[in-house]
Structure formats: structure tokens, C-alpha cells
Amino acid sequence: MCGIVGYIGSRDATTVVVQGLQRLEYRGYDSAGVAIYDQTAGLQIRRSTGKLENLQRRLIAEPARGAIGIGHTRWATHGGVTEANAHPHRDASGAIVVIQNGIVENYLELKGRLIELGYQFTSQTDTEVIAHLIGHYYQSCRDLTTATRQTLRELRGGNAIVAFCIHEPDTLVAARLGNAGGIAIGLGDNEHFIASDIPAILDYTRNLIFLEDRDVAVVRRHELTITRLDGTPAQRPVHTISWDPVAAAKGDYRHFMQKEIDEQPRALMDALRGRIDQESGRVELEDLRLSDSDLRRIERIYIAACGTAWHAGLVAKFMIEHLARVRVEVDYASEFRYRDPILQRDGERDALLLAITQSGETVDTLAAMEEARAQGTPSVAIVNAIGSQAARLADGGALYLHAGPEIGVASTKAFTSMLAVAYLFALKLAQARGTLSPIQIREHLQALIELPGKAAQTIEQTTPLCVELAERHYHASNALYLGRQINYPIALEGALKLKEISYIHAEGYPAGEMKHGPIALIDEGLPVICIATRDHIYEKMISNVEQVRARHGQVIAIGHIGDSLLASKANAMIEVPATLPFLQPILNVIPLQIFAYHVAVLRGCDVDQPRNLAKSVTVE
């Protein structure tokens, strides 16, 4: 997955597609490829690993010409970085080519079925499953759009797809399932453009249509038709995008924070790309410079972070200790070096510092890394900004989030991506230390693969109620957030989101400690957000909810879909999908972000740039 560009018209398609891919290089990628068609030259596929310049050199040596084409920059999710795994992928006949962003959650099942039917695979990717399925259905219907529809109905997970068939040389078919990143179609004069992100085609048009979930577009030079997956017609508005790069990046959203909340399914997929091998049940973190033997020696991990990243560190503690059985301490980076920490025991080198930072430039976190270096302790950074100081200081390697630019000061997609990468790191530790078998790890990887789709479901299904609750409570002066165990940090994060963008005082608290003070605050005017998804302390959390209700607090519960017991005890219940307990916080925090956003909007606050706050704190 990563970047998609398509073109049909009278221009040189290779130029349009490659230039568009250049505009998407900021997303990161490990290979690139194009498929260009000309009636004389036929279908010309060029693929290369590494940077786009490698593909460009290949195109100089082996030119591809034509007026219709598709291109893709890939960052591996299934299969390593090889030319065979690069997009585009062909069906068995070689007539159909496909590019894709997303993850096919059920690809092993589909691949097994196709192998039984006699299909042979030349790559390790889930994308090739899509190509073979479209080709399989095309044999009977001889219509690319119909074959693509039939294929889409079988795919689980968020996917954005563009397909082309040499037997229909005037047609591109583009489709979007779920939230695997967008598909924008640019409108030109007897030409059309397709892209996964706006900058790729702004040089040619600023009139764009955005596909919605389950939209299928048939794109021809003189015609664009959009229907739903079931074939019913769909009308999508034309958006005129400003040439201003900031406005273009914001797209049709009112605020960057709103956009970044919606980008979380894609960001989660990007956090997974190239790091999981579902078939073997292994996690591969190529940027980690510590060997398995190094990981086996680790007996203590110190996590240093600030603000939202500190909350991510608290969640990571639960993940690492449970999955890898390594003891973890979590420090505010601003306090870490001043407590004169003892990182290593005499004569031992069995500790690790894990620094978590979105920007990679937070001065307190960098100081903690310097302290670790001074004591001979290696550090690993979980960081979003490529090439940042934290990434350079991390002698044990930098695990990038690949969440893309986060403009809003209040972190959303970077936070959930931190949790996903921390989970991968915990699994990598467990793999090296033998605390989980490949079969057990495969179960976790399947849950991770399903997570982006569940995040998209959470956004779609919880937003209306979050808006309603924001309208009900935006005049509040205080709010209390309660959670237990791994969801206590999510209570802290939910409270932080509300206070930093709406300026309402909010406090996150471990629910079991409520009776030791905060219970005195509860009355009929206090909204109390209780995170009570089903886990091993669910009954305890139900008891805490009852204690709040007994004192007339206004309980807003976060619970699993269909939990009638919790719903009966709360004033309002926000339902989220269920996943593995140590991944559940990623879904639980999303409605808290949405609620805070809409409260802030109703209060007339500057959501993206709250007063007195900066995106990166580079001074003490």
C-alpha cells in the first residue's frame, strides 16, 4: 500500500503517473511500478525496488508509452521488498492489472481457494489475490466492472483499488472499500485522473470527486460513472481545491484535527506495512538494530515520553509486560534525568530505553535519550518524523509510525499509531524471547490486520452519538474520565484531549481509586466518561459505573457493541467493536477524540491551534 495514481486521456500517461507518484513520496515507500497501455506497444509494466528514481532510470532504459496508465508506490504489508512483490500485479491471463492500497484481511482464505482452483502465485502479496479473483470472474462475464464488483464483495478489510484490462483499453475501474485511504478522481477536459491523495494531481486539475465507502467508478476519457457496490447509481459532489497547499492538504474538512481523526484507519495500516508476515506468524522490524540475542538479554525497559506520548507509554507497559514478560517502567521524560536514574546494574547491560515521540524533537525526550547513552544503555525510538533528532539518537533503531503529517496540535492519529507500533514491538520481543509461539503471534497479527477496518467502523458508527453528546455537555465546566488497567491511560488521554482543545477542566483517574477523593466531585452536572469494554476487570468497572449513578453523575459509557448490561446502567453508551484486550484501547480512544473535537467546535475554540500550546515542545 501507499500511493496510487491513474490517468486516461491524450497526454503521455507515463509522465502524468510518475510525476504524480513523486508528489506522494512523502508517504514513504519501498518500491514502485507502472502499467502503461498502448494499442501498438501493448501492456508495458515496469517495476523497481527502492526509490522512485530507480523506476525512472528503468523507464529511460525501457520506455513505456501510452495514453492510459496506472502507477503505485508500495510499502510492503505482505511479502518482502522485491520486484515480484511490487505493484502493479497481473491476473493469470496477463490481461488484467491491479494496484491496491489496504489490507485484504481474509487473503489467506481467498488464496487457498484460488490455489485449489489451479491458480499459481508469483508474489507474496495480498494484492495478487485481487488480480486473480478479478481475472477469474472476468472469464465468465467478460466485463471488467462486473468482475471487479464480484471480487470486492469477497474482500474483507479496507481497500482502495484501481484495475485495468487490455480487452477494455478505454476504461479504468476504481473502487473504495472502507477506509484504506481515499480515492480522488480529477476532472479534466476529455481526460480523467485518479489519485490516493490530492497533491498527486493538483498540477493538472483542481476539480475533484472523492469516492465514498463501497463506491465503484468507471473512468473513461470522456465519461465518469459512479455507482454503489450493488450497482445503484451514486452522485458525488465536485470539490474545487485551492492551489494553496495548506488548504489543499485540509481538503473538505473544517479542521486538520477532524481530518486526522478520520485518517486513523489508514495510519494504522501504514504502521503495519512491511512489518508482519501472517503466514509464518512473525513480526519483522527492519529498522530495529537490536538482534534477537540482544532482545533476549533485556530484563528492564524504561519508557520516556511526554504528554500524549506518555499515555502511549503507559499502554505500552501493559502490552510489553503481558506479551513479552519484560518489566517496564514509564517516566515523564521531563522528570527522568533529574531523578538520577539507575539504568544498569553493575556489570550488566540488560536495560533498554524506549523513547516515544511524534515529532522526534521534544527536548525532554531527547535529554532522556542522552542520559541513557551516557549510561551505556541502548535506546529505541517510536517516532513519526523521519530523520528527526530522536531517530538519529536511537542507537537501537527508530520504529517509524508512518502516520503522515499531523498538523493539529492535539495528537490523534499519531497516538493510535504509537499504540500499534508499540504492540508490534511487544510482539517482536515476545517472538525473540519465546514467550509466544508463531501460532499465538499469528492470532495477534490477524487482530492487527482487522484493526484498521474496526477503526473505520468505530468512526462511522460513533460520530453521530458523539455529536449529540457534545451538544448536551459542551457547557460543562468539569469532566471526569474513568478507566481501569490498560484503559486507565485512555481515560488520561481522553481527559487531555478535552482540556487542551475545549479548555474544559477534565481529569482522568483510575476507576478503582475514585472512592479515594474524586467521588466527592460527582453530582448531576458532572459528565463522567467510563471506559468499560469487556475484559478481566469488567465487573469491577460495572461497579464503578453504579457508584457514579448512585450519586447522580451523568455516565457516558464506552462499551462493546451489544452490551445491554452496561447500556442499562449508563445515561448514554457509545458502542465500539471488540478486539483483543491489549488492542482495545486503540478503538476505545477514538470516540473520546471525536467527542472532544465536537465540544471544542461548539465552544468556538481554535481546534487546530489551541492557546498556549505548540505541536513540538523544543524548550524546557
Side-chain angles (χ1 to χ4, degrees), residues 1-9 11 13 16-27 29 34 68-73 87 98-102 148 152 158-164 171-221 223-229 234-254 256 258-260 262-263 265-267 269-270 404-405 407 456:
M1 69 179 68
C2 208
I4 282 175
V5 181
Y7 174 74
I8 183 168
R11 302 176 193 257
V16 175
V17 169
V18 172
Q19 287 182 352
L21 294 177
Q22 285 180 307
R23 300 290 188 273
L24 300 180
E25 284 190 286
Y26 70 91
R27 294 289 313 279
Y29 60 98
V34 298
I68 183 170
I70 57 178
H72 189 271
T73 50
H87 295 215
V98 173
I99 54 178
Q100 169 224 12
N101 280 353
T148 301
L152 293 170
N159 287 280
I161 295 165
V162 181
F164 169 74
T171 302
L172 292 172
V173 177
R176 177 179 178 181
L177 284 180
N179 201 334
I183 286 285
I185 299 176
L187 311 180
D189 185 10
N190 295 324
E191 60 183 354
H192 285 101
F193 308 82
I194 300 172
S196 55
D197 210 351
I198 295 169
I201 54 179
L202 271 185
D203 284 347
Y204 301 101
T205 180
R206 51 181 181 161
N207 296 320
L208 277 72
I209 289 173
F210 299 96
L211 296 191
E212 297 183 7
D213 177 22
R214 302 175 72 82
D215 276 354
V216 178
V218 178
V219 185
R220 299 188 173 96
R221 180 183 299 191
E223 179 185 17
L224 170 64
T225 304
I226 299 174
T227 57
R228 302 293 287 156
L229 185 56
Q235 296 293 325
R236 302 291 175 237
V238 177
H239 299 267
T240 300
I241 306 299
S242 166
W243 288 109
D244 171 39
V246 174
K250 192 184 296 183
D252 199 37
Y253 288 93
R254 183 174 177 182
F256 277 106
Q258 183 186 27
K259 177 176 183 281
E260 288 153 9
D262 279 0
E263 286 177 337
R266 184 174 74 179
M269 278 189 286
D270 289 350
I407 308 302

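When all heavy atoms of Ala163 and Thr148 are compared, the closest pair comes out as CB-OG1, 4.3 Å. Closest approach of Gly69 to Ala13, counting heavy atoms only: N-CB, 3.8 Å. Closest non-hydrogen pair, Ala175 versus Leu152, comes out as CB-CD1, 3.5 Å. Closest approach of Ala200 and Arg23 over heavy atoms only: CA-CB, 3.7 Å. For His192 against Arg220, the heavy-atom pair with the smallest separation is ND1-O, 2.7 Å. Nearest heavy-atom pair across Ala174 and Leu211 is O-CD1, 3.9 Å.
Separating the CG atom in Leu224 from the CD1 atom in Ile185 is a distance of 5.0 Å, to the nearest 0.5 Å. Rounding to the nearest 0.5 angstrom, the gap separating the CZ atom in Arg266 from the CD atom in Glu260 is 11.0 Å. Atom CD1 of Ile68 sits about 7.0 Å away from atom OG1 of Thr171, to the nearest 0.5 Å. Residue Asn159 holds its CG atom at 4.5 Å from CD of Gln100, rounded to the nearest 0.5 Å.
Checking side-chain atoms of Thr225 against main-chain N and O of Val218 turns up no donor-acceptor pair under 3.5 Å. Side chain of Thr73 to backbone of Gly3: a donor-acceptor contact under 3.5 angstrom is found.
The residues Arg176 and Asp213 are annotated as not salt-bridged, no charged nitrogen and carboxylate oxygen being separated by less than 4.0 angstrom.
For the side chain to side chain donor-acceptor pair (under 3.5 Å) test, no residue two or more places apart in sequence or in another chain qualifies with Arg214. In this structure, the ring-ring contact (aromatic ring centres under 6.0 Å, His included) partners of Phe193, at least two apart in sequence or on a different chain, are Tyr7, Tyr204. The salt bridge (Lys or Arg N to Asp or Glu O under 4.0 Å) search around Arg254 returns none, not counting sequence neighbours.
The closest side-chain heavy-atom distance from Ile201 to Leu208 is below 4.5 Å. Counting heavy atoms from C-beta on, the side chains of His239 and Asn207 never come closer than 4.5 Å. Contact annotation: the side chain of Leu177 approaches that of Leu229 to within less than 4.5 Å [non-hydrogen atoms, C-beta and beyond].
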message: Between Thr240 and Arg206, is the side chain to side chain donor-acceptor pair (under 3.5 Å) condition met? List the steps.
response: CA-CA 6 Å; Thr240 300; Arg206 51 181 181 161; over 6 Å; no
- prompt: Going through the distances and angles, do Arg228 and Val216 end up as a side-chain contact (heavy atoms from CB on, under 4.5 Å)?
  reply: CA-CA 6 Å; Arg228 302 293 287 156; Val216 178; over 6 Å; no
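Each of Ile99, Ile4, Ile70 was evaluated against His87; a single residue qualifies, Ile99, per the side-chain contact (heavy atoms from CB on, under 4.5 Å) test.
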